[in-house]
Amino acid sequence: MRLIIFGPPGAGKGTQAKLLSSYLSISHLSTGEILRSKLNEKDEISFRLQNIMSSGNLVSDDILNQIISEKLISKECDPGFILDGYPRTINQMNYLNNYNQKNNIVINLIINIHVDNLTIQNRILNRSKKENREDDSIETIETRVNTYNLETKPITEYYKNNHKLIYYEIDGTNNVEEIQKKLINIVKNANFSWFFIIS
Ligand code: AMP
């Protein structure tokens, strides 16, 4: 099964994607995690990445498209995958659509987790204390939320309007277990739509 999960920063999409990927025994492709693992390399590119990420801005589409195109056709994605954090721009979405078409990759489900702004702020601040993520400071929250609204929300609108049969919105203000239960129900009932191709 192949899914895309959307949600503003702090919506809990990373947590949910991780749980769902282990429930379905498929790969969890978090572009944020992939990029953070590159920061340990301490070369020139990693310093540039660090600057962009700690400011709350987006890394270039070319870098992300490259990362994703290597991953999606790799062995680890054979059983399926959950895309978490990609696509994040219209350019990335178009790239993904073309790439999937060329490689006969079918997206079965698109899930969008909704959360209001105040909950987002509180959650990110709590996470920054627990995980010590540089991009979770109060200064960058605003940039990250604005970037999401400006660059990523239009993509979710596109999917919502064009792929109604495989697009689901869920309330992200509930607790982790409740959200996970809802997601599992969606996944269990999704067999009927497995043949739709995103294009
Ligand atoms: P995340 O863990 O998904 O919140 O991502 C952390 C940071 O990594 C983001 O704020 C961006 O700077 C960068 N990033 C992750 N995914 C993407 C993407 N698809 N396009 C551009 N930048 C990304």
Side-chain angles (χ1 to χ4, degrees), residues 2-21 27-41 44-72 74 77 81-100 105 107 110-115 117 119-159 172 176 179 198:
R2 300 180 185 91
L3 298 91
I4 306 177
I5 191 160
F6 286 104
K13 68 179 165 47
T15 306
Q16 294 300 338
K18 205 171 280 172
L19 289 169
L20 205 55
S21 69
S27 254
H28 174 206
L29 294 183
S30 157
T31 47
E33 272 178 22
I34 294 168
L35 290 168
R36 278 189 288 282
S37 74
K38 290 192 185 298
L39 299 183
N40 299 327
E41 289 164 22
E44 206 196 311
I45 295 175
S46 77
F47 283 118
R48 262 190 273 156
L49 283 179
Q50 183 150 30
N51 280 338
I52 299 169
M53 289 168 71
S54 60
S55 68
N57 288 305
L58 294 181
V59 175
S60 83
D61 290 334
D62 286 349
I63 292 181
L64 268 297
N65 293 341
Q66 177 69 29
I67 289 174
I68 284 300
S69 42
E70 282 165 16
K71 287 278 180 193
L72 293 191
S74 71
C77 285
F81 57 77
I82 300 185
L83 275 178
D84 160 13
Y86 180 96
R88 243 168 159 115
T89 65
I90 296 279
N91 179 310
Q92 291 177 18
M93 181 186 78
N94 289 334
Y95 181 88
L96 180 67
N97 287 343
N98 286 333
Y99 184 86
N100 284 349
I105 294 172
I107 301 293
I110 294 162
I111 289 160
N112 189 7
I113 305 181
H114 260 302
V115 193
N117 282 347
T119 310
I120 292 172
Q121 286 196 358
N122 289 334
R123 280 190 183 172
I124 295 187
L125 286 177
N126 274 336
R127 186 170 71 184
S128 77
K129 285 179 204 142
K130 276 196 212 138
E131 294 179 20
N132 204 18
R133 270 178 59 169
E134 269 187 43
D135 61 348
D136 275 350
S137 69
I138 191 115
E139 295 78 26
T140 57
I141 293 174
E142 217 176 271
T143 311
R144 294 174 62 206
V145 172
N146 286 344
T147 305
Y148 181 85
N149 287 333
L150 212 72
E151 304 270 11
T152 311
K153 226 174 168 181
I155 302 177
T156 62
E157 290 302 316
Y158 167 83
Y159 283 132
V176 172
I179 297 173
I198 298 292

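Atoms within a ligand are numbered from 1 in the order they appear, just like the ligands themselves.
In terms of polar-atom proximity, defined here as any N/O pair under 3.5 Å, T31 does make such a contact with ligand 1. Ligand 1 has no N or O atom lying under 3.5 Å from any N or O atom of Y86, backbone or side chain. Looking at G85 next to ligand 1, an N or O pair under 3.5 Å apart turns up. Between L64 and ligand 1, no N or O atom pair is found at a separation short of 3.5 Å. Not a single N or O atom of D84, backbone or side chain, sits closer than 3.5 Å to an N or O atom of ligand 1. Between R144 and ligand 1, at least one N/O pair is under 3.5 Å apart.
Crowding of I45 atom CD1: a count of heavy atoms from other residues, nucleotides or ligands under 6.0 Å not exceeding 12. Around atom CD of E142, no more than 12 heavy atoms belonging to other residues, nucleotides or ligands sit under 6.0 Å away.
Considering only heavy atoms from C-beta on, V176 comes within 4.5 Å of L19 through its side chain. Here the side chains of L29 and Y86 are not in contact, with every heavy-atom distance at 4.5 Å or above.
Among N91, I68, N57, L58, the residue whose heavy atom lies nearest to atom 12 (O) of ligand 1 is N57. Of the listed residues (Q50, R88, M53), the one carrying the non-hydrogen atom nearest atom 3 (O) of ligand 1 is R88.
Using a 4.0 Å cut-off to heavy atoms of L35, the atoms of ligand 1 that qualify are 8 (O), 13 (C), 14 (N), 15 (C), 23 (C). Interface atoms of ligand 1 facing Q92, defined by a heavy-atom separation under 4.0 Å, are 18 (C), 19 (N), 20 (N), 21 (C). Close contacts between ligand 1 and K13 involve ligand atoms 3 (O) [criterion: under 4.0 Å to a heavy atom].
Taking 4.0 Å as the cut-off, I52 does not count as a neighbour of ligand 1 on heavy-atom distance. The shortest separation from a heavy atom of R36 to ligand 1 is under 4.0 Å, placing the residue in contact.
Expressed to the nearest 0.5 Å, how far CG of D84 lies from NZ of K18 amounts to 9.0 Å.
S60 and D62 share no donor-acceptor pair across their side chains, judged by distance under 3.5 Å alone.
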Exercise for review: Test L96 against I105 for side-chain contact (heavy atoms from CB on, under 4.5 Å), laying out the working first.
Suggested key: CA-CA 10 Å; L96 180 67; I105 294 172; over 6 Å; no

Check your understanding: Can you list the steps and then say if I4 with Y159 is a side-chain contact (heavy atoms from CB on, under 4.5 Å)?
Key -> CA-CA 10 Å; I4 306 177; Y159 283 132; 3.9 Å; yes

Practice item. Determine, step by step, whether E44 and R48 satisfy the salt bridge (charged side-chain N to carboxylate O under 4.0 Å, His left out) criterion, reporting the C-alpha distance in whole Å, the side-chain angles of both residues, the deciding distance to 0.1 Å, and the verdict. Key: CA-CA 6 Å; E44 206 196 311; R48 262 190 273 156; 3.4 Å; yes

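At a 4.0 Å heavy-atom cut-off, ligand 1 does not touch E33 at all.
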